[in-house]
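Report on the following structure.
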Protein chains: 2
Amino acid sequence: MTVNPIGGGQIGRSVPRLEAREKVTGRAEYTHLMRLPGMLHGKIFRSTVPHGRIKSIDVSAAKKIPGVFAVITAEDVVKVIPNPYYGPAFHDQPILALEKVRFVGEPVAIVLAADPHVAEAATQAIVADYEELEPVYDEVEAMTAKSYVHDELKPAGTFADLKHLKGQRNTNLALQAKLRRGDVEQAFAKAAHVFEHEFRTQKCLHVPFEPFCSIADAKDTHVTIFSGTQGPSFVRAEIARLLGWPENRVRIKVPYLGGGYGGKLYMKLEALATACSMIARRPVKIALTMEEQFYLITKHPATVRIKSGVDKDGRITARKCEVFWNGGAYADIGPRVTHKSGFTAGGPYDIDNVWIDSNAMYTNMTPAGALRGFGMPQLTFAYESHTDMMARALKIDPVEFRRNNVLRNGRPQATGTILKDAALEPILEHVADRLRWTEKFDRGSGTIKRGRGIAFALKACVSPTTSVAIVNVGADGSATLYISTVDMGQGSDTAMAQMVGEVLNLPAEEVRVIARDTDITPYDMGTLGSRSTFHMGHAVRLAAEDARGKIAALRREVGEPEGSNTPVSGLFIKKYGMKAGNIVGSGSYKPDYVAPDHDTGLSPEITPFWMVAGAGAEVEVDTETGRVHVAKLVNAVDCGRPVNPRIVETQISGAALMQLGFTLFEKINLDSGQITNASLADYKIPGIADVPPIMINEAIDAFQSNAPFGAKGVGESATMPLSPAIANALDDAVGVRLLELPITPEAVLRALRVKEGRPLDDD
Amino acid sequence: MTVNPIGGGQIGRSVPRLEAREKVTGRAEYTHLMRLPGMLHGKIFRSTVPHGRIKSIDVSAAKKIPGVFAVITAEDVVKVIPNPYYGPAFHDQPILALEKVRFVGEPVAIVLAADPHVAEAATQAIVADYEELEPVYDEVEAMTAKSYVHDELKPAGTFADLKHLKGQRNTNLALQAKLRRGDVEQAFAKAAHVFEHEFRTQKCLHVPFEPFCSIADAKDTHVTIFSGTQGPSFVRAEIARLLGWPENRVRIKVPYLGGGYGGKLYMKLEALATACSMIARRPVKIALTMEEQFYLITKHPATVRIKSGVDKDGRITARKCEVFWNGGAYADIGPRVTHKSGFTAGGPYDIDNVWIDSNAMYTNMTPAGALRGFGMPQLTFAYESHTDMMARALKIDPVEFRRNNVLRNGRPQATGTILKDAALEPILEHVADRLRWTEKFDRGSGTIKRGRGIAFALKACVSPTTSVAIVNVGADGSATLYISTVDMGQGSDTAMAQMVGEVLNLPAEEVRVIARDTDITPYDMGTLGSRSTFHMGHAVRLAAEDARGKIAALRREVGEPEGSNTPVSGLFIKKYGMKAGNIVGSGSYKPDYVAPDHDTGLSPEITPFWMVAGAGAEVEVDTETGRVHVAKLVNAVDCGRPVNPRIVETQISGAALMQLGFTLFEKINLDSGQITNASLADYKIPGIADVPPIMINEAIDAFQSNAPFGAKGVGESATMPLSPAIANALDDAVGVRLLELPITPEAVLRALRVKEGRPLDDD
């Protein structure tokens with residue numbers, strides 16, 4: 001190995017995924033497939049009421065069923081974990097329901113048995129009695145409701161901006177994030193036009209193909225947890241906190257994940273599995289069914305009220321947004337979604353006066369958390385629909401209207417942070433170009449109408465967060481990278497190996513990646529918010545550079561001249577007298593960040609980088625059925641310099657197709673708090689037939705100047721602009737505007753009938 | 001945590017072993033207990049002749065047995081590993097016998113089956129035909145025999161002093177290590193007295209209670225091997241070499257070991273398991289029975305010819321030693337045993353003229369390797385018996401004779417290296433004191449005669465060797481240590497945790513030790529030769545100091561005043577804005593070393609430290625049965641400053657009791673190359689009834705000035721002087737001198753009868 005200062009040629013290579021062969025040959029390890037000796041299976045008994053006080057839980061019959069090892073309720077849990085409440089933002093969620101239940105499906109008890117079928121059957125023999133309380137479901141109504149999901153707010157203490165909420169009572173508002181820039185009311189008064197709309201998005205599911213699964217093996221002095229989690233370092237710290245143990249007694253090992261999408265962040269089944277294992281003194285596995293995923297974590301439904309003032313030249317001068325996030329019964333990371341997406345609710349526009357209230361609401365539904373985009377797709381659906389509606393009303397071409405208002409590098413974003421390395425305008429032009437926006441367009445005929453829509457968006461990265469990496473170079477010159485980044489299909493192991501290879505001048509395929517085991521791999525805040533390429537990328541770069549520096553020092557120490565070609569293995573032999581030793585490099589990274597002002601939300605440094613994405617859609621609408629067929633879909637992102645172009649392309653297409661489901665058909669239906677379509681038979685996700693016949697997925701030529709090798713994240717980007725691009729295309733095709741997702745045939749047909757003056761109900 | 005320059009109070013504490021609870025509750029993991037999904041069991045078909053050319057191996061019948069997955073011979077092995085020869089000193093040992101067999105019990109073929117009983121049964125159906133060759137068994141005869149175990153010598157290239165042997169033919173001499181100091185012949189000529197004796201020691205077994213076991217799981221691009229090995233870094237490198245892969249594709253994971261004693265060093269079953277797994281494309285486990293251990297590795301039998309010249313004042317002026325080591329059919333680490341013990345064959349005496357030839361011989365027996373003492377117990381039996389014999393002949397008190405000749409600190413040892421921090425004289429005086437040497441002694445009556453004996457010894461440490469350690473401090477201040485040192489019962493995990501605690505001012509119990517996994521833990525030359533406390537101790541100290549330095553730098557970086565009491569977790573929060581991040585410290589250690597001159601064996605720096613031990617025995621000899629009962633046993637060692645006094649004490653007692661078996665009864669019996677007592681029913685090891693009723697195990701007050709915290713190794717020390725102390729006590733009791741081990745009742749009785757002029761055969 002020679003150290004090549006101009007780089008090892010590994011960045012920008014479409015290296016096949018390191019784990020591909022293991023996965024396609026079925027040898028890759030997933031938590032769902034694992035069994036430990038003596039392991040018990042846990043099956044959960046769940047609440048049947050949305051809100052209630054627990055009067056009694058009778059487990060006596062279940063305990064008598066042959067093969068049942070134990071039946072555990074909160075009463076047992078508190079004997080091993082006295083304060084069993086957890087959560088990243090609020091310590092609001094009990095390991096098993098304690099005193100109250102807050103949503104239908106909440107875990108109330110768990111049966112342990114060697115045979116999972118016995119455990120499942122025994123849950124049927126448990127009887128719980130509740131004093132029912134008034135439930136609250138709607139995120140807007142929750143603000144004024146007189147029934148409260150929680151008696152008292154319990155901030156976790158992790159986030160400074162939540163501390164003031166401690167002990168607040170009689171509220172369903174978990175967090176209100178504000179942004180105040182300029183004077184919107186004055187600007188509205190002066191505006192030539194004022195537009196105001198309200199949008200709503202639905203409750204959706206992550207649907208990782210590997211459902212949630214955790215195995216805990218608690219010993220007297222330490223616990224090992226195998227879990228399909230995106231955040232092993234977080235889970236480790238949180239389990240340690242619950243147990244009152246130092247973190248080095250808690251080991252979180254993460255096999256491969258069968259998808260995550262934000263759903264597998266923070267604590268999910270790990271605390272319950274740990275409590276069970278401590279009580280049973282056996283390894284305990286809890287593996288959810290597909291159906292049970294509906295009762296664990298979902299996407300936030302949101303209501304977005306958006307109001308803009310536009311001057312006579314078509315420039316947006318003021319924007320007011322009021323956003324209500326339906327966080328369900330437990331906050332999970334909802335308050336962060338509320339805050340982080342909140343400050344970009346004004347969109348990718350250069351607006352002097354911005355007023356935003358972003359409200360995290362508790363309701364009596366399955367909790368909501370992060371889902372690929374961290375709230376941005378909900379907001380973007382609102383603001384980019386709103387943008388088109390204004391353009392149409394003003395009879396300005398929607399691309400031209402955006403071009404007139406786009407935020408440019410060097411200008412302050414709503415928070416005051418100066419935009420840098422964010423290719424908003426190029427993305428807009430690129431999508432318009434790919435759609436041949438200015439060319440003549442076939443608008444269809446008969447009952448099939450055709451239309452086009454465009455949207456684009458800007459997302460900040462969650463900050464400040466830390467990543468640490470270790471690079472170990474062995475005596476034969478081979479390198480091993482240690483990271484806690486979770487490769488859940490996004491290709492992080494491969495991308496990080498490329499970075500090590502780039503610095504150490506090794507082929508990426510020869511870098512061994514050891515990942516996702518907190519006993520071994522150093523701290524990482526979590527694999528979320530498209531942060532890994534940038535944050536862990538920096539840590540990996542620093543660790544590899546540290547190793548490279550130590551190799552250079554070894555070269556000098558053993559008396560090799562500068563620029564000698566002696567391979568690394570030769571240096572070790574010179575130093576140690578035999579093939580022995582290691583060089584250990586480490587790197588830590590945390591980007592600069594200035595916390596936003598509590599009252600104004602302003603900050604000169606709110607994010608280390610901006611993610612930018614644009615989408616363009618051509619749709620065919622069947623006016624007889626209301627069906628919207630996406631004939632062509634263009635997805636374009638700015639991810640800086642792609643580390644692995646092929647993986648970037650699959651990230652774009654994957655994100656877009658996922659959002660296509662949320663746009664056209666996915667929705668969790670609720671009836672009095674009961675989910676009525678909790679199965680993949682009833683809850684449809686996109687299949688191969690839903691893929692647009694023409695789909696273009698592109699990263700534009702870009703470079704993030706403060707990033708490792710110019711690269712930034714891309715996992716979420718293409719989710720952001722897709723829904724409004726389709727809504728805008730629908731309007732363009734048939735002149736109806738849907739303010740709510742999903743854009744189902746029924747909704748379209750209903751809107752068409754309303755437009756024609758004959759509502760659907762008339763049929 | 002505050003950094004306390006005077007230390008954390010962890011050294012010298014008898015911390016209970018960290019793994020004690022896991023072990024006593026049966027939850028500790030051993031390779032023998034492990035099963036992987038789809039795993040096959042391998043059972044070995046072995047040679048029935050001691051030396052022969054393979055004419056044919058018929059596996060057809062075995063293959064047809066239902067349940068047999070595969071039957072593998074060398075022909076299959078070479079398809080996946082073209083050059084299947086391995087070994088630390090010579091690449092002489094094939095994975096399965098190729099062309100020739102060289103000892104009875106050598107693996108010739110292996111049957112794989114899901115059911116180990118099926119595999120075992122199928123080995124009976126294999127038929128091999130050999131052209132038998134003349135065998136050689138005796139280590140002295142091997143020197144002049146005309147039959148050669150190997151056609152050609154194949155040095156591994158690892159050791160510079162073996163390179164000149166490459167390609168040598170027509171020899172059974174694998175290595176001759178010489179030491180030439182002064183002029184012995186001239187000194188003998190001038191001496192007042194010259195004594196010459198020949199001693200022999202027997203072939204013995206390590207008998208770890210967990211027999212050897214390895215599991216290999218070979219994938220296309222990497223292999224994971226679970227193995228009870230003392231040298232994971234060595235096995236990794238050697239497997240990588242055999243496969244032609246970089247080392248980072250080979251993972252050696254070592255669960256707990258049920259004992260090692262040097263037998264589990266270097267390659268044992270790992271290469272065979274790997275070849276099988278590559279061929280079968282399944283995980284393969286090879287677990288030996290107790291009986292099969294007799295065909296894997298043993299202790300070296302040795303013949304020691306020793307001649308001394310003594311002047312009129314009782315000073316030893318010259319010593320000549322000729323040592324023949326019976327290495328068996330494959331060299332394993334025998335040449336190192338030969339060399340490293342060779343240069344101390346002169347004993348713990350200050351002798352101006354020394355001549356040593358130490359010869360590593362190939363023979364047609366089970367290979368011999370390291371066994372707790374690395375050759376020293378064999379040598380010490382010889383030279384400390386010889387010492388007593390001279391003292392008795394000269395009518396000088398044996399303690400006084402030793403006192404007159406002892407090597408003192410500041411004086412050159414035979415190699416020329418100046419003795420330092422070696423408490424030879426204090427150990428001698430301590431043992432004499434504990435035996436009340438100068439007081440009146442009850443010499444028994446009737447048929448029970450009582451006697452006393454003393455011996456002491458000096459051992460160099462194997463050099464130059466390297467150890468690397470990593471210490472990771474988490475955001476809550478808890479620390480994790482990564483080392484490849486193998487805790488096989490000697491307590492290394494606990495001792496190393498104490499060293500980390502000492503530097504970082506944490507209780508040792510709170511330091512988590514991650515050990516023995518080459519994907520994770522950095523390089524270590526091996527857990528052997530009592531080197532870990534010193535070598536890995538230094539690496540651990542350096543790694544912890546590196547971490548401590550980085551903590552101090554972090555303290556400065558976040559603006560904490562020097563000496564502030566803010567805990568480490570507080571520094572992380574200040575730096576990262578939340579409980580995040582790690583500090584990674586690493587340390588590498590290799591002691592200074594000057595390779596001995598090829599012709600004279602002299603070196604000014606042959607070892608980083610000296611191990612010293614003394615033993616004193618009081619025995620009762622039954623003159624009617626020949627039984628020797630050890631009534632009192634004193635074991636004293638200089639291990640510098642004990643890190644964990646309680647563990648040191650158990651190391652002393654364990655080593656002494658092990659050597660007691662080798663002294664009084666353990667012996668592998670051979671008949672025409674066939675082992676006739678290959679079972680624990682016939683091969684007796686010490687039981688509770690063999691423990692001397694009075695047994696004193698002590699580390700004397702000492703400090704090794706160049707050692708980490710003043711501590712050096714102790715695992716082997718007490719094995720060295722025990723056998724001659726008992727042989728000397730026997731002579732003292734009944735006036736007979738045994739020149740060969742073991743000292744069985746039959747041998748004693750025979751010697752008594754010879755002394756009385758009526759040989760045993762007369763009965």
Side-chain angles (χ1 to χ4, degrees), chain A residues 18 21-22 25 27 33 35 37 158-160 219-222 233 236-237 240 246-249 251 463-468 470 472 474-480 482 509-512 514 517-520 522-525 543 575-586 588 590 593 595, chain B residues 18 21-22 25 27 33 35 37 158-160 219-222 233 236-237 240 245-249 463-468 470 472 474-480 482 509-512 514 517 519-520 522-525 543 572 575-586 588 590 593 595:
Chain A
L18 301 182
R21 184 182 279 264
E22 252 183 283
T25 57
R27 301 185 91 175
L33 304 177
R35 289 185 200 185
T158 329
F159 304 118
K219 304 279 169 80
D220 296 295
T221 56
H222 61 278
S233 298
R236 181 196 209 195
E247 292 185 19
N248 64 357
R249 293 204 194 163
R251 178 177 204 167
S463 265
T465 64
T466 300
S467 293
V468 185
I470 297 173
N472 191 331
D476 68 342
S478 66
T480 304
Y482 299 87
E509 293 87 340
E510 292 183 11
V511 176
R512 181 137 168 75
I514 309 279
D517 181 343
T518 62
D519 254 15
I520 295 156
Y523 179 85
D524 180 51
M525 186 267 183
K575 159 104 181 178
Y576 293 114
M578 56 191 288
K579 204 164 83 178
N582 295 100
I583 276 174
V584 181
S586 66
S588 290
K590 186 201 72 145
Y593 172 75
Chain B
L18 301 183
R21 185 181 278 266
E22 251 183 282
T25 56
R27 300 184 90 174
L33 304 177
R35 288 184 199 187
T158 328
F159 303 117
K219 304 280 170 80
D220 298 295
T221 57
H222 61 278
S233 298
R236 182 196 209 196
W245 286 2
E247 292 186 18
N248 65 356
R249 293 204 194 163
S463 263
T465 64
T466 301
S467 295
V468 185
I470 298 173
N472 192 332
D476 68 342
S478 66
T480 303
Y482 300 86
E509 293 87 339
E510 291 183 12
V511 176
R512 180 137 168 76
I514 308 280
D517 181 343
D519 255 15
I520 295 154
Y523 178 85
D524 179 51
M525 185 267 184
F572 278 102
K575 159 102 179 177
Y576 293 115
M578 56 191 287
K579 204 164 82 179
N582 296 100
I583 276 174
V584 181
S586 66
S588 290
K590 186 201 72 146
Y593 172 75

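Below, read A as the first sequence line, B as the second, and so on, with proteins coming before strands; counting in each chain starts at 1. Just so we're clear, the structure is a prediction, and the values are computed from it rather than from any experiment.
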Check your understanding: Do B:Lys579 and A:Glu247 meet the salt-bridge criterion of a basic N to acidic O distance under 4.0 Å?
Key -> yes
Ignoring hydrogens, what is the shortest heavy-atom contact between [X] and [Y]? Give both atom names and the distance.
X: A:Thr480; Y: B:Asn248; answer: OG1-CB, 3.5 Å
X: B:Gly581; Y: A:Val468; answer: CA-CG2, 3.8 Å
X: A:Asn472; Y: B:Pro522; answer: ND2-CB, 4.3 Å

Point to revise | Value rounded to 0.5 Å, distance of OG in B:Ser478 from CZ in A:Arg249 | key: 9.5 Å
Point to revise | Pairwise distance OG1(B:Thr221) to CG(A:Leu18) - rounded to 0.5 angstrom | key: 8.5 Å
Study note, to complete from the structure: Under 4.5 Å to a heavy atom of chain B? For A:Ile470 that would be side chain
**Study point:** Contact origin within A:Ser233 toward chain B - heavy atom pairs under 4.5 Å
**Key:** neither
Exercise for review: Count the heavy-atom pairs under 4.5 Å between each of A:Ala237, A:Ala479, A:Ala595 and chain B, then report the option with the highest count.
Suggested key: A:Ala479
Check your understanding: Using a cut-off of under 4.5 Å for heavy-atom pairs, which of B:Val584, B:Asp519, B:Asp524, B:Leu33 has the most such pairs with chain A?
Key -> B:Asp519
Practice item. With a 4.5 Å cut-off on heavy-atom pairs, point out which of B:His222, B:Glu509, B:Arg27, B:Glu22 contacts chain A the most. Key: B:Arg27
Study note, to complete from the structure: Across all chains, not counting sequence neighbours, the side chain to side chain contact (heavy atoms under 4.5 Å, CB included) partners of A:Arg35 are A:Met39
Study note, to complete from the structure: For A:Ala580, the side chain to side chain contact (heavy atoms under 4.5 Å, CB included) test, sequence neighbours excluded, returns A:Tyr576, A:Met578, B:Thr466, B:Tyr523
